[in-house]
Amino acid sequence: MDCIFCKIIEGSIPSTKVYESENVIAFKDIQPAAPVHILIIPKKHIPTMNDVTEEDGPVIAEVFAAAREIAKQQGIAESGYRLINNVNSDGGQVVYHLHVHLVGGEKLGSLVGNSVS
């Protein structure tokens, strides 16, 4: 498999890890869009959110639990942060290994031009 995130998980590509458990790993994005920009991924290769099955439910829950913990560790839990999951090309997905971007550390603007809360 030629997946960059799988190579990060196996350790053949270096990363700046900020969190790791049995099923989830998180590391700093190499092209940060905000002062805090962490990628949170399941260790199991799941290409997109469309490929998540019922049996993947616990690992998806663990991804979100990791996001909560990382936000606390990074000191942005109270001020706020954004979780983003891009799906397929029109959604902006570039690496086809399910991942969630945790971004924060500054006031974040609107996602699509009008404010939606």
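Cluster membership for Val87 and Ile84, using ILVMFWY side-chain heavy atoms within less than 4.5 angstrom, is not shared. Leu83 and Leu39 are assigned to two separate hydrophobic clusters, defined by single-linkage of ILVMFWY side chains at heavy-atom distances under 4.5 Å. Follow the hydrophobic side-chain contacts under 4.5 Å out from Val24 and you never reach Ile9; the two are in separate clusters.
The heavy-atom pair separating Ala67 from Tyr81 by the smallest distance is O-OH, 4.4 Å. Between Tyr19 and Ala66, the shortest heavy-atom distance links the atoms CE2-CB, 3.5 Å. Here the shortest heavy-atom pairing between Ala34 and Gly104 reads CB-O, 3.5 Å. Taking all atoms of both residues into account, the shortest heavy-atom contact from Val103 to Leu108 is O-CD1, 3.6 Å. Across Cys6 and His45, no two heavy atoms sit closer than the pair SG-ND1, 3.3 Å. Summarising the geometry of Pro42 relative to Val59, their closest heavy-atom pair is CB-CG2, 3.8 Å, with the distance given to 0.1 Å.
Shown here is Lys28, whose NZ atom has no more than 12 heavy atoms of other residues, nucleotides or ligands within 6.0 Å. Within 6.0 Å of CZ in Arg68 there are 12 or fewer heavy atoms belonging to other residues, nucleotides or ligands. Applying the 6.0 Å contact sphere to CD of Glu10 captures more than 12 heavy atoms from other residues, nucleotides or ligands.
A distance of 11.5 Å separates CG in Asn86 from OG1 in Thr48, rounded to the nearest 0.5 Å. The distance from the CG atom of Asn88 to the CG atom of Asn50 is 5.5 Å, given to the nearest 0.5 Å. Note that CD1 of Ile41 is 8.5 Å distant from OG of Ser15, once rounded to the nearest 0.5 Å. Rounding to the nearest 0.5 angstrom, the gap separating the CD1 atom in Ile46 from the CG atom in Asp51 is 8.0 Å. Interatomic distance, Asn23 CG to Ile60 CD1, rounded to the nearest 0.5 Å: 10.5 Å. In this structure, CD1 on Ile8 lies 7.5 Å from CD1 on Ile30, to the nearest 0.5 angstrom.
Between the side chains of Glu62 and Ser21, at least one donor N or O sits under 3.5 Å from an acceptor N or O.
A tilted orientation is assigned to the rings of His101 and His37, their planes being inclined by 30° to 60°.
Of the candidates Leu102, Ile76, Val36, Leu102 is the only one forming a side-chain contact (heavy atoms from CB on, under 4.5 Å) with Ile70.
Lys43 contributes no side-chain N or O that, together with a main-chain N or O of Glu20, makes up a donor-acceptor pair within less than 3.5 Å. Under a 3.5 Å cut-off, the side chain of Gln93 and the backbone N or O of Val95 do form a donor-acceptor pair.
Using a 4.5 Å heavy-atom cutoff, the side chains of Leu98 and Phe5 are not in contact.
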**Report entry** Ile40 and Phe64: CA distance, side-chain angles, deciding distance, side-chain contact (heavy atoms from CB on, under 4.5 Å) verdict
**Finding:** CA-CA 9 Å; Ile40 307 166; Phe64 282 90; over 6 Å; no
